[in-house]
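Working notes, structure below.
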Amino acid sequence: MEKRKIILDCDPGHDDAIAIMLAANSPAIDLLGITVVAGNQTLDKTLINALNVCQYLDLDVPVYKGCGQPMIREQLIAPSIHGESGLDGPQFGALTKQAEPQHAVNFIIDTLLASAGDVTVVTTGPMTNLAMAMRLNPDILPKIHELVLMGGTYQLGNMTPAAEFNVLADGDAAHVVFTSGRKITMAGLDVTRKVLCLPSIVERMGRIDTKAARLFVDLMTFFNKTQKEVFGWDGGPLHDPVTIAYLIDPTVLTLKECFTQIDIRSEQSYGRTNCDIFDIFKQPPNSSIALDIDIAKFWDIIEAGIRAYA
Ligand code: BDR
Ligand code: CA
């Protein structure tokens, strides 16, 4: 099987950490690099979290530090969900793995320019790094094979009634990405809320009894606690790994092409992904929106991903 080349742009984050775990060891994926952005926590913390996850799992993947602030907005972080470190729960040993000297935005640009147009960019945090790369060097646009992102919703948000965290945190960056003309696959809350990491799932993964399984359990035990406090759910939505599961097996998602605009004008609804599901505006589609997810298949992909670590 030819591996799909990807750059994973993330803000770890509990679910970002599982996305890294899944992407780095999948026979279907060639993870070229991890680029880190501020989001769930400040950049210094999300960077340390990405490095810790890579070191713990013995991943030989380069990690790049990206943007520490949104393009225009005041910074928004999510300690009520991910804790003070951004990855509360697991205990890691002394960190020796270091970030690469190159800035994440330049890594994205250089990698895409040097490619044969076969690199997919996956974002699981605010889209600041990708938007900055697009603005800094628009020559990358025709080189992007596909953009796959966790973010947005065509239904209700999780930070405001209108907006999902990753888009709300940098709606202007999302606007740049959604007006880029490149193929976008959006896995929003509409599907990620269907894959709740209930206690039965934590137990199922815990029975695998490997390093990766232990990390999964430690992460999800904390994540589920905050999800219960904030949203009242018994299991947190495993948002970010949906992007990687889709790349491993595209049949996990049911998609619909439609025209999507980011609301960057209003106060109450800033960051809303206005997905024209009913084709009211009669505009050419700029996105494929995930409408549904095969829940059983998703958890099987997660289990296989954990089992891939001896
Ligand atoms: C998104 O926000 C973050 O808290 C998660 O990591 C995920 O990327 C869900 O809205
Ligand atoms: Ca994230």
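FYI, side chains are in, hydrogens and waters are out, and symmetry mates aren't considered; it's all heavy atoms of this structure. This one's a predicted model, so the numbers in the text were calculated from it and none came from an experiment. Indexing begins at 1, ligand by ligand and atom by atom, following the structure's order.
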Open item on the list: Regarding D209 and R307, does a basic nitrogen lie under 4.0 Å from an acidic carboxylate oxygen?
Closed with: no

Task: Salt-bridge contact K65-D44 (side-chain N to carboxylate O under 4.0 Å) - done: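 No salt bridge links K65 with D44.
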
Open item on the list: Looking at the Ca ion (ligand 2), is there an N, O or S atom belonging to D11 that lies under 3.0 Å away from it?
Closed with: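 It does: D11 brings an N, O or S atom closer than 3.0 Å to the Ca ion (ligand 2).
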
Starting from [atom], locate the nearest protein heavy atom and write down its residue, its atom name and how far away it is, to 0.1 Å.
atom: atom 4 (O) of ligand 1; value: N40 OD1, 2.6 Å
atom: atom 6 (O) of ligand 1; value: D15 OD1, 2.6 Å
atom: atom 8 (O) of ligand 1; value: D240 OD1, 2.6 Å
atom: atom 9 (C) of ligand 1; value: E164 OE2, 3.1 Å
atom: atom 2 (O) of ligand 1; value: F165 CD2, 3.4 Å

Task: Atom nearest to the Ca ion (ligand 2) - D240, N, O or S atoms considered - done: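 Result: OD2.
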
Open item on the list: Heavy-atom count check: over 12 atoms from other residues, nucleotides or ligands less than 6.0 Å from K256 NZ?
Closed with: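 Atom NZ in K256 is not crowded, with 12 or fewer foreign heavy atoms closer than 6.0 Å.
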
Specify side chain, backbone, both or neither for [X], according to which of its non-hydrogen atoms lie closer than 4.0 Å to ligand 1.
X: T124; result: backbone
X: T192; result: neither
X: H82; result: side chain
X: I81; result: neither

Quick one: does [X]'s side chain get under 4.5 Å of [Y]'s, heavy atoms only?
X: M71; Y: D170; answer: yes
X: I302; Y: F216; answer: yes
X: C10; Y: I20; answer: yes

Task: Under 3.5 Å: donor-acceptor pair, side chain of E146, backbone of R182 - done: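 It does not hold such a pair.
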
- [ ] Would you mind listing which atoms of ligand 1 come within a distance below 4.0 Å of any non-hydrogen atom of N166?
- [x]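 Counting from 1, the qualifying ligand atoms are 1 (C), 2 (O), 7 (C), 8 (O).
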
Task: Vertex the Ca ion (ligand 2), rays to OD2 in D16 and O in T124 - rounded to 10° - done: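 Rounding to the nearest 10 degrees gives 80°.
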
Open item on the list: So, regarding H239 and ligand 1 (criterion: nitrogen or oxygen to nitrogen or oxygen, under 3.5 Å), is there a contact or not?
Closed with: no

TODO: Classify the angle between the aromatic ring planes of H239 and F223 as parallel (below 30°), tilted (30 to 60°) or perpendicular (above 60°).
DONE: perpendicular

Open item on the list: For residues L112 and V148: do they belong to one hydrophobic cluster (side chain heavy atoms under 4.5 Å, members Ile, Leu, Val, Met, Phe, Trp, Tyr)?
Closed with: no

